[in-house]
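Atoms within a ligand are numbered from 1 in the order they appear, just like the ligands themselves.
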Amino acid sequence: VVHIAAVNKDRSFDDYQRIYNTIAEKIREEDEYDGYIGYGPILVRLGWHSSGTYDKNDNTGGSYGGTMRFKLEQSDGANNGLGNARAFMEPILKEFPWISHGDLYTLGAVCAVQELQGPKVKWRPGRVDMPEDTTPKNGRLPDAANGADYVRNFYARLNMNDREAVALTGAHCLGRTHLKNSGFDGPWGAASNSFTNEFFVNLLNEQWKLQKNKAGNMQYDSPKGYMMLETDYALVQDPAYLKIVKEFANNEGAFFKEFASCFQKLLENGIDYPKDAPTYVFKTLDEQDL
Ligand code: HEM
Ligand SMILES: CC(=O)Cn1cnc2ccccc21
């Protein structure tokens, strides 16, 4: 499968910055969502899950076709709860009907990372909505009840190495798990809407105890009421991963640099960009005094 980015000559950086600003202002406005976590974290998850169906072996899946808009993909259990993020985006699609779903969902994720004080993430337009019959089958998104070998194999399908895998999982500094969505129980206290290297600091500094949660699923809990999935904890069980976790826990800049590059790579997996395709770095609201 080949997906060529469609370069839309009628749209400029300002058009996309306007969409970015609309999303960013809506995140600020609707701050009470999910116990005052806000929509940032779930917008990051929407962009990630739109892209996480990619398979490097046949270049299928990924963000290009915007197939997250179809009920088949939405019915994948791994996507439980993302209806809230899609509903958040509905008015944006109405106001800017010229943007594709793939471009909007990935732009929203970049906007959320940046507005939550994360690194600047480069973004390129050009994804084109594809028909329903191009929707990948369910089952391509990861399952949390697994260890390091599973994690390494999963990320390899997305063409991500160990450093990229650890950096991407660092997005679990944001938001929380919800029993009704995934069967994992998240702490209200520790959940956050600031993009930092805390995920790695907590992994190393907390005492973790593997136990069954009230849904009967295994998760790691700490005395402070923090939690980790088994696939999170795998990053300190595997020696190669552990080395990278320590680096990122001690050097937030190194984490930000790696996250910025591999999050862009994740959101662009499967897409061929012509050499005249523009690359955008959006300004945050703060940088525009908005
Ligand atoms: C092995 C890989 C991964 C697994 C098994 C996994 C699993 C999960 C699970 C079970 C949840 C809780 C969902 C809920 O109950 O609402 C979650 C939330 C989240 N995930 Fe992951 N994840 C993985 C990788 C990633 C990556 C690569 C990113 C982004 C770069 C990411 C970003 C998020 C965010 C931001 C949330 C919080 C959403 C919210 O607060 O509503 N995850 N993840
Ligand atoms: C606040 C907290 O539990 C940090 N955390 C640890 N693992 C997570 C997976 C998904 C969302 C948040 C996660």
For this session: Keeping to residues at least two apart or across chains, list the salt bridge (Lys or Arg N to Asp or Glu O under 4.0 Å) pairs with something in residues 77-91.
Result: E90-K94
Problem set entry | Atom NZ of K283: over 12 foreign heavy atoms under 6.0 Å | no
Problem set entry | Sub-6.0 Å ring centroid separation between F195 and F255 | yes
Seminar exercise, completed: Applying salt bridge (charged side-chain N to carboxylate O under 4.0 Å, His left out) to K224 and not counting sequence neighbours gives E206
Exercise. Any idea which heavy atoms bring P125 and D103 closest together, and the distance?
Worked result: CA-OD2, 3.6 Å
Exercise. So is Y155 close enough to ligand 1, meaning a heavy atom under 4.0 angstrom away?
Worked result: yes
Problem set entry | Any V151 heavy atom less than 4.0 Å from ligand 1 | no
Problem set entry | Nearby protein N/O/S atoms (those under 2.8 Å) for atom 21 (Fe) of ligand 1, with water ignored | H172 NE2
Exercise. Would you call R140 and E73 a salt bridge, taking side-chain N to carboxylate O under 4.0 Å as the test?
Worked result: no
Problem set entry | Structural part of F154 in contact with ligand 1, heavy atom criterion under 4.0 angstrom | neither
Exercise. What is the nearest protein non-hydrogen atom to atom 35 (C) of ligand 1, stated with its residue, atom name and distance?
Worked result: P41 O, 3.3 Å
Pairs under 3.5 angstrom, nitrogen or oxygen on both sides, ligand 2 versus protein: list them out, please.
unit_1, atom_1, unit_2, atom_2, d
ligand 2, 5 (N), H172, O, 3.3
ligand 2, 7 (N), D232, OD2, 2.8

